[in-house]
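In what follows, a single structure is set out as structure tokens and then discussed.
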Amino acid sequence: MPLLAYKEQRILSPQQLRKLSEHKYSCFSASLLDPLLQPWWNWLVAQTPLWLAPNLITIVGLILNIVTTLILICYSPNGVEPPPRWTCFLCALGLFVYQSLDSIDGKQARRTNTSSPLGELFDHGCDSISTIFVALSACISCQLGHYPNWLFFQCFCAIALFYCAHWQTYVSGTMRFGRIDVTEAQFSIIAIHLVSAILGPEIWLTKMPYLECETRCLPFYMASGIDLSLALRYSKSILNEGCGKNGSSVAGTSVLSPSIPLTLVVLPALMIAQKSPDNIFTEHASVFILAFGMVAAKITNKLVIAHMTKAEMEYLDWSLLGPALLFLNQYFNCIVPEIWLLWFTLAWGTQDLLRYCAQVCLEICQHLRIDLFRIPYSAKVSSTSSVGSQINFGVDKNGSTSHRKSKNKLH
């Protein structure tokens, strides 16, 4: 019956839909690159047709990013084999296109007078999926599969930190981006792909002069330092900036409650990878990361919805079925081949995530009486509304510089 769950009952309650209608996007960004990229984003959105829906821009960028990464994965599924140079260049191009399109969707929404809370949710939902593919592609480009523990650490750090960014938003009510954050990380990964494309992936295997380590260790040591910095910043915000009663979350719940769903994803993943008799992570790294990444994307989307609707977050979810089966299978000495269950986890998690997101979007569209991928206005109205919108897209209503996701964006 769980396959029919979304058809039998609505996901969002009437109270949640009402809270969603009242939601106001709050964001602060101190990014170093965002102000430098604003002219490019402003020019790009000015070239965008007025009939093009903002959410359509977002999904096109996501699809390009996923397709280019899957091509890379096909040539190096475990991050051990050196991928062709052109696949690395393709990943760099795909990520740049995704980053650019993801930065103008909010501008396009304001330009066409189609802003709504659905745009914020749709954007974060796409980002939760993109994070998995971006992190994995960077590791494959550097052939990090030679160090499985490093590969696991980097990919799951990216997944967990994206979740934590929304966790601190759920607690404080405001999404905050530091000087070195998402935009900087994306362009760093683009640089990694370009180095692999120009000099060849083998460049990461060479020893650095005067240092007893390979070249690929440099970007990942730097990434680890940034990960630690972000983790400390999120922890401080979560523990000290609760905006609810007595320092609670926006929903009035404990600021630590979102830790439970994250733990139910990361901890089983670590245990399954380390205890596997078939070395399932080492032998099938990409499938493993994508499988658990889809589960993490599902709980991240539920956290975003909980924040926007000021509701308590549910701890258990059907997407956890796959990890639970893998864990129990190991407990009973692998009575079922692990690779079968791993592919099941990926398939189940992907369909569960897509069906959940589709149902949520449908409910919100029905409630707000809007279309997801279509602008319901005539060209004349859109043209009129766009006269002043091309003057300045770079500053939020609160005066802070727009982040790459078009802060103040509710398309």
Side-chain angles (χ1 to χ4, degrees), residues 31-34 36-37 40-41 43-44 60-104 126-127 129-148 150-155 157-159 162 180-209 211 213-227 285-287 289-290 293 404:
S31 170
L32 294 174
L33 287 181
D34 281 5
L36 301 177
L37 292 168
W40 158 244
W41 295 336
W43 178 86
L44 186 60
V60 167
L62 175 64
I63 292 172
L64 286 173
N65 189 25
I66 290 176
V67 169
T68 54
T69 302
L70 288 178
I71 293 173
L72 182 71
I73 291 174
C74 287
Y75 283 93
S76 182
N78 299 324
V80 176
E81 303 86 356
R85 296 189 183 192
W86 64 269
T87 60
C88 298
F89 176 78
L90 208 59
C91 271
L93 180 62
L95 180 53
F96 178 75
V97 171
Y98 172 73
Q99 200 280 332
S100 297
L101 295 181
D102 195 35
S103 300
I104 68 169
C126 289
D127 287 341
I129 299 173
S130 174
T131 298
I132 308 162
F133 289 89
V134 170
L136 180 57
S137 69
C139 293
I140 292 177
S141 190
C142 291
Q143 300 177 66
L144 206 61
H146 290 284
Y147 302 95
W150 264 109
L151 177 60
F152 184 96
F153 176 79
Q154 291 296 340
C155 288
C157 262
I159 293 170
F162 185 84
I180 299 178
D181 219 293
V182 181
T183 307
E184 289 73 18
Q186 289 178 326
F187 275 90
S188 297
I189 292 174
I190 290 174
I192 289 175
H193 287 313
L194 289 177
V195 168
S196 296
I198 296 171
L199 302 178
E202 297 80 8
I203 188 67
W204 302 107
L205 301 177
T206 60
K207 294 280 187 179
M208 288 188 293
L211 296 175
C213 64
E214 296 173 342
T215 306
R216 61 182 158 193
C217 295
L218 182 60
F220 288 106
Y221 284 153
M222 294 175 61
S224 298
I226 295 173
D227 291 343
S286 293
V287 180
I289 291 167
L290 291 177
R404 61 122 186 148

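Note that the structure is a prediction, hence the values are computed from the model and not measured.
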Inset, instruction - Any chance you could measure C88, atom SG, to L199, atom CG, to the nearest 0.5 Å? - result: 11.0 Å
Inset, instruction - Go through the steps for W204 and F220 under the test ring pair (Phe, Tyr, Trp, His ring centres under 6.0 Å), then give the verdict. - result: CA-CA 11 Å; W204 302 107; F220 288 106; 7.8 Å; no
Legend entry - Which atom of A158 lies closest to which atom of T131, heavy atoms considered: O-CG2, 3.7 Å
Inset, instruction - List in chain and number order the residues that pass side chain to side chain donor-acceptor pair (under 3.5 Å) with S130, two or more places apart in sequence or in another chain; answer none if no residue qualifies. - result: N65
Legend entry - Residue pair G293 / I159: nearest heavy atoms and the distance that separates them: CA-CD1, 3.9 Å
Inset, instruction - Please identify each residue that fulfils side-chain contact (heavy atoms from CB on, under 4.5 Å) with A223, with sequence neighbours left out. - result: Q154
Legend entry - Residues in ring pair (Phe, Tyr, Trp, His ring centres under 6.0 Å) contact with F152, at least two apart in sequence or another chain: F156, F281
Inset, instruction - Would you check if Q143 and V80 make a side-chain contact, meaning some heavy-atom pair closer than 4.5 Å? - result: no
Legend entry - From W86 atom CH2 to S196 atom OG, the distance as rounded to the nearest 0.5 Å: 14.5 Å
Legend entry - Intermediate values then yes/no, side-chain contact (heavy atoms from CB on, under 4.5 Å), L151 and I289: CA-CA 10 Å; L151 177 60; I289 291 167; 4.2 Å; yes
Inset, instruction - First locate atom CG of L72, then atom CG of L90, and finally report the distance between them rounded to the nearest 0.5 Å. - result: 9.0 Å
Legend entry - Under 3.5 Å donor-acceptor, T68 side chain and G94 backbone: no
Inset, instruction - Grab the two heavy atoms, one from L37 and one from F187, that are nearest each other, plus how far apart they are. - result: CD1-CE1, 3.5 Å
Legend entry - Atom pair CG (L62) and CG (L101), whose distance is rounded to the nearest 0.5 Å: 10.5 Å
Inset, instruction - Could you pull out all residues at least two apart from F89 that satisfy ring pair (Phe, Tyr, Trp, His ring centres under 6.0 Å)? - result: none
Inset, instruction - Quick one: pull up SG in C139 and OH in Y147 and give me the separation to the nearest 0.5 Å. - result: 13.5 Å
Legend entry - Flag for D34-T183: side-chain donor and acceptor within less than 3.5 Å: yes
Legend entry - Closest contact, heavy atoms only, A285 versus N78: N-OD1, 3.5 Å
Legend entry - Partners passing side chain to side chain donor-acceptor pair (under 3.5 Å) against S137 (at least two apart in sequence or in another chain): H193
Legend entry - L64: partners by side-chain contact (heavy atoms from CB on, under 4.5 Å), with sequence neighbours left out: V60, V97
Legend entry - Under 3.5 Å: donor-acceptor pair, side chain of R85, backbone of I198: yes
Inset, instruction - Just jot down the side-chain contact (heavy atoms from CB on, under 4.5 Å) partners of L32, sequence neighbours excluded, or say none. - result: R179, I180, E184
Inset, instruction - Supply the atom-to-atom distance I132 CD1 to D127 CG, rounded to the nearest 0.5 angstrom. - result: 11.0 Å
Legend entry - Listed partners of E81 passing side-chain contact (heavy atoms from CB on, under 4.5 Å), at least two apart: S76, P77
Inset, instruction - Report the C-alpha separation of S286 and I140 in whole Å, then their side-chain angles, then the decisive distance to 0.1 Å, and conclude whether the side-chain contact (heavy atoms from CB on, under 4.5 Å) test is met. - result: CA-CA 9 Å; S286 293; I140 292 177; 3.8 Å; yes
Legend entry - Heavy-atom closest pair, residues L136 and C155: CA-SG, 4.0 Å
Inset, instruction - Measure across S224 and W150 and return the closest heavy-atom pair with its distance rounded to 0.1 Å. - result: OG-CZ3, 3.2 Å
Legend entry - side chain to side chain donor-acceptor pair (under 3.5 Å) partners of W40, counting only residues at least two apart: S100
